[in-house]
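Taking it in order: structure first as structure tokens, then the write-up.
Each ligand, and each atom within it, is numbered from 1 in the order the structure gives.
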Amino acid sequence: MSYVDEVIAKVKEKNASEPEFLQTVEEVLNSIRPLVDANEEKYRKLALLERITEPERQIKFRVPWVDDNGQVQVNIGYRVQFNSAIGPYKGGLRFHPSVYIGIIKFLGFEQIFKNSLTGLPIGGGKGGSDFDPNGKSDMEIMRFCQSFITELYRHIGPETDVPAGDIGVGGREVGFMMGQYKRIRNLYDGTLTGKGTMNGGLAGRDEATGYGVVFYAREMLKHFGESLEGKKVVISGFGNVAWGTAKKLEQLGAKAITISGPDGYILDEDGVTGEKIDYLLELRSSGKNICAPYADKFPGAKFFPGEKPWGVKADLYIPCATQNEIQIDEAKTMVANGCKFLCEAANMPTTNEAIDYFKENGVIVGPSKAANAGGVACSCIEMSQNAEHTIFTEEDVFEKLEAIMVNIFKQSIAACEKYNLGDDLIAGANIAGFERVANAMLMQGIV
Ligand code: 2IT
């Protein structure tokens, strides 16, 4: 049995109740076979793959808080410190009812290779809670965040582990956590990123993930002889990533024609452009987690309740919502509609079965680890800003972001060429990200 197959079998046996984690481990390990096969004896002896698939540390804790009725509520908090070979653990916090250890481990594992691809010195970690911020008052959110950080503070720090936002955690939540952290530690340091700019946050961090995705998509299209100019783009979600993506698409001459929420999707043939993009922020801050009101506000748009946007014909598809939103049936519909390019903005939005189907049918897939790395890259720039006690301009930030995204695409293509992977941008990104972490681990001995 090959070393990759051996490790996949072991990981499956050890983590049988964590399907999302198994999904990403299988995807990554299967795609780095050419590199592992070339180093099989050494990697096996040093148990490199066993080590890289086992988090360095996992923290699970109780988060008690008092709701507006005076009732005590209890949630579970998590932080998985997955890999610190190339820098302090770095990755967001997700607050969503679906959160359990398997989701945090999948996100933490992906974060290792994503962070490595940025070329910056950041390791991989992720955390969160099964707390649902939707429908909660500001004071409930504050009390939850304070309780969460009152435990987590002892495990994090600017050279140890630097959390940020993810689904359900934005500037408001990070602000509450930062305030409580500062109060406990008496330190105004860069322990959390995604802060508001008046709290030491980075100008442009809100836009960074979506802008980065579109820079990546531009490079991808360019490589295959196309451009963004005039392209119709189906996107999903209506949160921070969808917002930044729609904005940059418009700036570069393309347009998003859909958004989606848990309640259904919106088709806006005129384009989600101009003031309609900023309306997404209003929708989000309503705390209802629905996109239907968009169609009342802008009469040209149509709402499709309970449906996803993947049946809409477009030149490019950018899923911006959550994991596994594109499964085999959606993939089949998209291919039948002539889909040529998919660029993943959400983390792991496509199932492995759907990815295989896309590959068999010649669809080019830009993987999330590469395409959405602009968010965490800007978080690392925020860490530098805080460490240097300075403020970077938005212009500076976007210039750096663009260069990082172009470089990520180049590294992926270089790995494709080196290992004869054809157009497999997923394998290219995984190999490029993995190689840097593996080499750092090998130099650090058995740790
Ligand atoms: O998935 C991600 O890369 C993030 N949620 C951002 C992580 C970060 O540390 O900024």
- Task: Identify whether the distance between the nearest side-chain nitrogen and carboxylate oxygen of E250 and K247 falls below 4.0 Å.
- Result: no
- Query: Among R205, R94, K369, which one has a heavy atom closest to atom 6 (C) of ligand 1?
  - Reply: R205
- Message: Less than 4.0 angstrom from a charged side-chain N to a carboxylate O is my criterion; do R218 and E402 meet it?
- Response: yes
- Taking only non-hydrogen atoms of N347 and a 4.0 Å limit, the atoms of ligand 1 in range are 1 (O)
- Query: With a 4.0 Å cut-off, would you call K308 and E325 a salt bridge?
  - Reply: no
- Query: With only distance considered, is N372 within less than 3.5 Å of ligand 1 through an N or O on each side?
  - Reply: no
- Query: Would you say K126 contacts ligand 1, with heavy atoms under 4.0 Å as the rule?
  - Reply: yes
- side chain to side chain donor-acceptor pair (under 3.5 Å) against R94, all qualifying residues, sequence neighbours excluded: D166, Q323
- Message: Which of the numbered atoms in ligand 1 are under 4.0 angstrom from any heavy atom belonging to A164?
- Response: 8 (C), 9 (O), 10 (O)
- Message: For the aromatic rings, using the six-membered ring if either is Trp, is the centroid distance between F144 and F95 under 6.0 Å?
- Response: yes
- Task: May I ask you to check whether T193 has an N/O atom sitting below 3.5 Å from an N/O atom of ligand 1?
- Result: no
- Query: Can you find an N/O atom of G165 closer than 3.5 Å to an N/O atom of ligand 1?
  - Reply: yes
- Task: Specify whether Y317 and W310 have parallel, tilted or perpendicular ring planes, treating 30° as the upper limit for parallel and 60° as the lower limit for perpendicular.
- Result: tilted
- Message: Can you classify the ring geometry of F304 versus Y265 as parallel (below 30°), tilted (30 to 60°) or perpendicular (above 60°)?
- Response: parallel
- Query: Which of the numbered atoms in ligand 1 are below 4.0 angstrom from a heavy atom of G92?
  - Reply: 7 (C), 9 (O)
- Query: Quick one: which ligand 1 atoms are inside 4.0 Å of a heavy atom on K114?
  - Reply: 1 (O), 2 (C), 3 (O)
- Message: Out of all atoms in ligand 1, which are within 4.0 Å of some heavy atom of Q111? Include the element for each.
- Response: 1 (O), 2 (C), 3 (O), 7 (C)
